[in-house]
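Here is the structure we will look at.
It should be emphasised that the depicted structure is a prediction, and the values quoted were computed from it without experimental measurement.
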Amino acid sequence: MSLIIKLIAGILGGILAGLYLPLGLTELLYTAKVIIGQLISFTIPLIILFFIASGIAGLPKTSGHLLGKTVGFAYSSTVIAGTLAVLLVLFATGFFEGSIVYEATKGAELKGYIQLEIPPLMSVMTALAAAFIFGIGISQLNLNQLKSVVDQGRDVIDALLAKVIIPALPFYIAGVFAEMAVAGTVVDTLSTFGVVLVAAVGMHWLWLTILFIVTGLMLKRSPLELVKNMLPAYFTAIGTMSSAATIPVSLRASKANGVSEEVANFSVPLCATIHLSGSTITIVTCAMAVMFLSPTMAIPSLLEMLPFIFMLGVVMIAAPGAPGGAVMSALGLLTSMLGFDESAIALMIALYLAQDSFGTACNVTGDGVIALWVNRFSEKSE
């Protein structure tokens with residue numbers, strides 16, 4: 001919650017700076033935004049490389065039937081949730097009529113004091129391909145030394161996110177909103193924030209409602225009872241903003257729903273890193289809202305968004321555990337597949353972090369449903 005407070009302070013500070021400070025001081029804030037933005041761009045491929053490689057390499061090769069079922073259910077849930085979000089946003093585009101106010105190019109009036117470029121070591125797709133090659137190779141060949149290298153690389157990037165980039169985000173967001181204030185578009189842009197956030201949280205609840213009703217009917221269980229047992233995990237995730245930190249509560253909740261100890265102990269911790277249906281709903285919803293608000297980007301169709309959703313489900317495997325980790329993992333796809341520029345990325349980060357706790361709670365509660373289905377199919381296999 002302190003991060004959200006700092007984020008709001010950054011937004012307000014940036015607006016006030018853009019409206020009332022001399023242009024020279026505002027450009028100082030803009031310079032900080034440019035430097036932090038370059039550091040984020042440099043880090044994106046490293047997040048994908050080390051986190052996905054480490055996540056794949058760390059998947060246990062024992063309990064193969066449980067692994068396949070859990071991964072399959074988690075990925076399917078993520079893709080279906082993202083697809084549902086696209087359909088609902090396309091259906092509700094009328095609510096955004098008259099709100100096309102975001103224009104990244106107007107901020108060109110501001111100039112940074114330092115012209116700094118930090119080119120990434122590799123492209124996003126190169127990092128993704130390398131992550132799968134090394135992750136699968138390490139897992140299959142039992143290359144423990146190489147696994148320790150990618151694990152340590154993941155720890156370095158995780159520390160960079162937790163100690164440098166995440167704390168610097170309020171200044172980055174402040175620079176973006178100062179840019180919008182100078183351009184004269186900030187008030188109308190902010191007025192759409194509430195609509196987007198309410199829509200994202202509403203879609204979380206709709207997705208969870210569908211999951212529990214379908215699961216209850218198919219497994220001949222009471223959906224209300226299943227939901228009631230998962231509520232402690234939901235509210236814990238809202239407070240922690242971390243699926244990993246909620247694992248102990250999620251385990252108890254899944255076992256209370258009748259999931260066997262073996263299945264719960266395996267599937268719940270695994271889903272905490274690979275199942276991000278709530279985060280996917282938020283990223284898809286916010287991305288389409290930002291695209292709708294921009295006069296330079298067209299609203300994509302469902303067929304155009306499906307490749308992005310399929311890749312999003314892959315890229316967010318083992319997303320960083322820090323608040324906002326899912327959106328940090330998705331930044332590469334937003335730039336490479338949807339054409340987001342630096343200002344659009346900043347809007348995405350602001351929107352995502354404002355509701356991160358609700359997205360995490362949706363992820364965690366959905367983990368309980370996946371555990372139920374894995375338990376059911378494991379019983380049938382036996």
Side-chain angles (χ1 to χ4, degrees), residues 37-38 40-45 47-48 52 78-93 96 99-107 120 122-129 131 169 172-173 176 179-180 185 189 192-193 195-197 199-200 203 276-317 319 324-356 359:
Q38 288 290 319
I40 290 173
S41 299
F42 175 81
T43 309
I44 288 169
I47 293 174
I48 293 172
I52 293 182
T78 300
V79 169
I80 295 171
T83 304
L84 175 65
V86 172
L87 292 173
L88 290 176
V89 171
L90 291 175
F91 175 76
T93 49
F96 295 97
S99 299
I100 306 177
V101 296
Y102 167 59
E103 194 166 338
T105 56
K106 284 190 176 181
M122 64 191 80
S123 70
V124 170
M125 297 310 297
T126 300
L128 186 61
L169 283 180
Y172 181 63
I173 300 298
V176 171
E179 192 177 355
M180 290 183 185
T185 62
T189 301
T192 65
F193 261 45
V195 176
V196 176
L197 295 178
M203 287 185 201
L276 293 102
S277 57
S279 300
T280 300
I281 288 172
T282 303
I283 289 172
V284 168
T285 303
C286 294
M288 294 188 69
V290 170
M291 294 172 78
F292 190 86
L293 293 173
S294 170
T296 60
M297 289 189 278
I299 291 291
S301 66
L302 174 61
L303 290 178
E304 292 170 328
M305 283 296 292
L306 280 177
F308 174 74
I309 295 170
F310 287 135
M311 291 298 296
L312 195 60
V314 174
V315 165
M316 290 197 300
I317 293 175
V327 74
M328 297 304 294
S329 299
L331 293 184
L333 295 183
L334 290 169
T335 55
S336 63
M337 297 187 73
L338 299 185
F340 275 38
D341 60 14
E342 204 173 72
S343 297
I345 288 294
L347 269 180
M348 273 296 302
I349 294 173
L351 282 167
Y352 184 90
L353 288 177
Q355 64 71 64
D356 191 18

Atom of [X], atom of [Y] and distance for their closest heavy-atom approach:
| X | Y | value |
| --- | --- | --- |
| S329 | V315 | O-CG1, 3.0 Å |
| Y172 | G37 | CE1-CA, 3.6 Å |
| L312 | A330 | CD1-CB, 3.5 Å |
| A287 | F340 | O-CZ, 3.5 Å |

note = By side chain to side chain donor-acceptor pair (under 3.5 Å), T280 pairs with (sequence neighbours left out) none
inquiry  = Under the rule for side chain to side chain donor-acceptor pair (under 3.5 Å), what residues qualify as partners of S336, not counting sequence neighbours?
reply    = none
query = When you measure from the side chain of T335 to the backbone N and O of G332, does any donor-acceptor pair fall under 3.5 Å?
reply = yes
Checking [X] now: which residues fulfil side-chain contact (heavy atoms from CB on, under 4.5 Å) with it, not counting sequence neighbours?
| X | result |
| --- | --- |
| S41 | none |
| L331 | I40, I44, V327, M328, L334, I345, I349 |
| A85 | M203, I281, V284, T285 |

Only pairs under 3.5 Å count here: list side-chain donor-acceptor contacts from residues 299-306, not counting sequence neighbours, and write none if there are none.
from : atom 1 : to   : atom 2 : distance (Å)
S301 : OG     : E304 : N      : 3.4
S301 : OG     : E304 : OE1    : 3.4
E304 : OE1    : S301 : N      : 2.8

From OG (S277) to CD1 (I80), nearest 0.5 Å = 10.5 Å
Atom pair CG/CD1 of L351 and I283 - distance to nearest 0.5 Å = 11.5 Å
ask   = Given side chains that start at C-beta, do those of T83 and I309 come closer than 4.5 Å, heavy atoms only?
value = yes
